Amino acid sequence: MTGARFNLIDILDHLGQKHSATKDEIKFILGLSDPDEIQQLFKAARQVRGQHFGNQIFLYGFLYFSTHCQNNCNFCRYRRSNTRLVRYRKTKSQIIEAARDMADTGVHLIDLTMGEDPQLYLPGSFGRNAFQGLVNMVKAVQDETGCPVMISPGILPDEVLKDLADAGTTFYACYQETHNRDLYHNLRHGQGFEKRLEKKQLAKSLGMLIEEGIMTGVGESLDDLADSIIWMRDLSADQARVMTFVPQANTPMGNAASQDSLKERIIIAVMRLILKDCLIPASLDVDGLSGLKERLDAGANVVTSIVPPQKGLAGVANHSLDIEDAKRTLDHIIPILNSCGLFPASSEAYQSWINERQHLLKRSPVKRFEAKKEAMQC
Ligand code: SAM
Ligand code: MD0
Ligand code: SF4
């Protein structure tokens, strides 16, 4: 518990009227444990979602095109030292075919995700040329599907981020996992905390929208969670996610206790109340299709990790759950949206949300960048 006791109804009213909250108030709502109070929190989050997005939900296809990785994140199945899995690297034509299939079913965006594939980071070839194939592939996916693209590649050289921005890539996703530096170094061992933040800032200054993300169930405190939400606000994240850590066999954190979805849902709701018009995913990658309704009920407005079957594609936190039995598809997802009184948005509605957001970014890039720099110094 946080110690301080506030009046929940007052805070929820205040946040529902577009106001902000102090860190102590954020900690207080993150720490709720009374089931009735948690339901009030979820209801308030759904109301704020409704104010900004009505009953429209966005849908993201997930395409994990290379599971090779040079890094050794302690939480991740795809860490370099895990030799007990079969990895893959999809060809450009396989990627385009899978992306086209997903676009045909009606997703709004294609999320192209990779490990930091060592083939792209070979000694001597690090730089723009090594990544030309990646940039061309993003262009081809955009052209062939007509969908906006999110790229989730980890850390890239600055000039490659620039090439991706020039190619019209809509989103750069790069998750900090936590904004507590000590915890970060336990999770993303050997990777720079500042560097990861700076890449997001650079992407934003180049005109791309950014997604920030955290994990819960990794030893974080309420204070850490409140800090992360404040970071997301100060970074002007366009999309903000939380995922419950799923322990992975043959990794250093493989024997950790698993956490149920309640904390994740509380964080989703608090993000909604604080970040308001930000996109907030309900990922199918943690609890599969059966965890979708409860995440939407907490105020999420994007379904992510939609994966087509029969393509040999993997998830991240759950590499196979619900994929080959086609449950991560719109046929299964749409009835669940409808049961919550929600509907898939049109592609035009998604594109106009993006346009509006990019327009805002163009109007005040310097101010936003300075605000973020100040936030980094706190
Ligand atoms: N390699 C790139 C990178 O690390 O930025 C792209 C992959 S990234 C989109 C994979 C994300 O999935 C991680 O940042 C983390 O948030 C989440 N993730 C990975 N392993 C997980 C696990 N075991 N449980 C829950 N989430 C996990
Ligand atoms: C998801 N498995 O949406 C995906 C992944 C990467 N941008 C997203 C973590 O849950
Ligand atoms: Fe590699 Fe990304 Fe997994 Fe870390 S989270 S090991 S960078 S794939």
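Remember, it's 1-based here, ligands and their atoms both numbered in the order they're listed. Here the structure is a predicted model, which means the values were calculated and not measured.
- Classification of Lys139 and Asp143 as a salt-bridged pair fails, no side-chain N sitting under 4.0 Å from a carboxylate O.
- Among all non-hydrogen protein atoms, the one lying nearest atom 5 (O) of ligand 1 is Arg196 NH2, 2.8 Å.
- In terms of protein heavy-atom proximity, atom 1 (C) of ligand 2 is closest to Arg241 NH1, 3.2 Å.
- Inspection of the Thr91 and Gln94 side chains reveals an N or O donor paired with an N or O acceptor under 3.5 Å.
- For ligand 3, the atoms lying closer than 4.0 Å to a non-hydrogen atom of Tyr64 are 8 (S).
- Considering Arg357, Arg49, His52 in turn, Arg357 is the only one that fulfils the side-chain hydrogen bond (donor to acceptor under 3.5 Å, both in side chains) rule with Asp277.
- Residue contact check: Asp285 has heavy atoms under 4.0 Å from atoms 2 (N), 10 (O) of ligand 2.
- Side-chain N/O atoms of Gln176 and Ser228 include no donor and acceptor closer than 3.5 Å.
- In terms of protein heavy-atom proximity, atom 10 (C) of ligand 1 is closest to Val316 CG1, 3.9 Å.
- Remark: the Gln239 side chain and the Tyr60 side chain contain an N/O donor-acceptor pair separated by less than 3.5 Å.
- Between the side chains of Glu220 and Thr216, at least one donor-acceptor pair of N or O atoms lies under 3.5 Å.
- Using a 4.0 Å heavy-atom cutoff, Arg80 is absent from the residues neighbouring ligand 3.
- Not one N/O/S atom of Cys76, from backbone or side chain, sits under 2.8 Å from atom 4 (Fe) of ligand 3.
- Within the listing of ligand 2, atoms 2 (N), 4 (C), 5 (C), 6 (C), 8 (C) sit less than 4.0 angstrom from a heavy atom of Phe62.
- Against a heavy-atom cut-off of under 4.0 Å, Ser152 is close to the following atoms of ligand 1: 6 (C).
- Near Gly115, meaning under 4.0 Å from one of its heavy atoms, ligand 1 places the atoms 1 (N).
- Of all the atoms in ligand 3, the ones that sit under 4.0 Å from a non-hydrogen atom of Phe75 are 5 (S).
- With respect to atom 1 (Fe) of ligand 3, the closest heavy atom belonging to the protein is Cys69 SG, 2.3 Å.
- The nearest protein atom to atom 24 (N) of ligand 1, hydrogens excluded, is given as Val246 N, 2.9 Å; this is a heavy-atom distance.
- The shortest contact between atom 3 (O) of ligand 2 and any protein heavy atom is with Thr304 OG1, 2.8 Å.
- The shortest N or O to N or O distance between Ser305 and ligand 2 is under 3.5 Å.
- Looking at Thr178 and Arg188, their side chains never bring a donor and an acceptor atom within 3.5 Å of each other.
- Under 4.0 angstrom from ligand 2, there are no non-hydrogen atoms of Tyr172.
- For the salt bridge (charged side-chain N to carboxylate O under 4.0 Å, His left out) with Glu211, the qualifying choice from Lys200, Arg241, Lys204 is Arg241, the only one to do so.
- Residue Tyr175 places every heavy atom at 4.0 Å or more from ligand 3.
- Annotation: side chain of Asp117 is not in contact with side chain of Cys69 (no heavy-atom distance under 4.5 Å).
- Shortest contact from atom 4 (Fe) of ligand 3 to any protein heavy atom: Cys73 SG, 2.3 Å.
- In this structure, Tyr60 does not count as a contact residue of ligand 2, since none of its heavy atoms falls inside 4.0 Å of the ligand.
- Listed by atom number, the atoms of ligand 1 under 4.0 Å from Met243 heavy atoms are 26 (N).
- If you check the side chains of Glu177 and Tyr184, you find no donor sitting under 3.5 Å from an acceptor.
- Contacts of Arg188 with ligand 1, taken as heavy-atom pairs under 4.0 Å, involve the side chain alone.
- A donor-acceptor pair under 3.5 Å is formed between the side chain of Lys90 and the backbone N or O of Lys311.
- In summary, the atoms of ligand 3 found under 4.0 Å from a heavy atom of Gly115, numbered by their order in the structure, are 8 (S).
- At a heavy-atom distance under 4.0 Å, only side-chain atoms of Ser152, from C-beta outward, approach ligand 2.
- Judged by distance alone, the side chains of Thr329 and Asp331 never bring a donor and an acceptor atom under 3.5 Å apart.
- Numbered from 1 in the order shown, with element, the atoms of ligand 3 that lie under 4.0 Å from a heavy atom of Arg79 read 6 (S).
- The atoms of ligand 1 that sit less than 4.0 Å from any heavy atom of Thr244 are 24 (N), 25 (C).
- In this structure, atom 20 (N) of ligand 1 lies nearest to the protein heavy atom Phe75 CD1, 3.4 Å.
- Side-chain N/O atoms of Asn355 and Gln351 include a donor and acceptor closer than 3.5 Å.
- Between Met215, Gln248, Gln70, it is Met215 that holds the heavy atom closest to atom 26 (N) of ligand 1.
- The protein non-hydrogen atom at the shortest distance from atom 14 (O) of ligand 1 is Glu177 OE2, 2.5 Å.
- Of the heavy atoms in His319, none comes closer than 4.0 Å to ligand 1.
- Heavy-atom proximity to Asp111, at under 4.0 Å, picks out these atoms of ligand 2: 6 (C), 7 (N), 8 (C).
- Defined by atom type and a distance below 3.5 Å, a donor-acceptor pair is present between the side-chain atoms of Ser305 and Arg328.
- The existence of a salt bridge linking Asp104 and Arg100 is excluded, since no basic side-chain nitrogen approaches an acidic carboxylate oxygen closer than 4.0 Å.
- Only the side chain of Tyr175 comes within 4.0 Å of ligand 1, judged by heavy-atom distances.
- Ser221 and Asp224 form a side-chain donor-acceptor contact under 3.5 Å, judged by distance and modelled atom types alone.
- A salt bridge is absent between Glu159 and Arg128; no separation between the charged side-chain nitrogens and carboxylate oxygens falls under 4.0 Å.
- Of all atoms in ligand 1, listed by their number and element, those nearer than 4.0 Å to a heavy atom of Gly154 are 2 (C), 3 (C), 5 (O).
- Looking at Arg188 against ligand 3, only its side chain comes within 4.0 Å, counting heavy atoms.
- Looking at Asn71 and Arg79, their side chains never bring a donor and an acceptor atom within 3.5 Å of each other.
- The nearest heavy-atom contact from the protein to atom 10 (O) of ligand 2 is Ser283 OG, 2.5 Å.
- Look at Arg5 and Glu37 and you find a salt bridge, because one of the NZ, NE, NH1 or NH2 atoms lies within 4.0 Å of a carboxylate O, short of that distance.
- At a 4.0 Å heavy-atom cut-off, ligand 1 touches Met114 through the backbone alone.
- Side chain to side chain, Arg272 and Asn301 meet the donor-acceptor criterion of an N or O pair below 3.5 Å.
- Only the side chain of Thr113 comes within 4.0 Å of ligand 1, counting heavy atoms alone; its backbone N, CA, C and O stay farther away.
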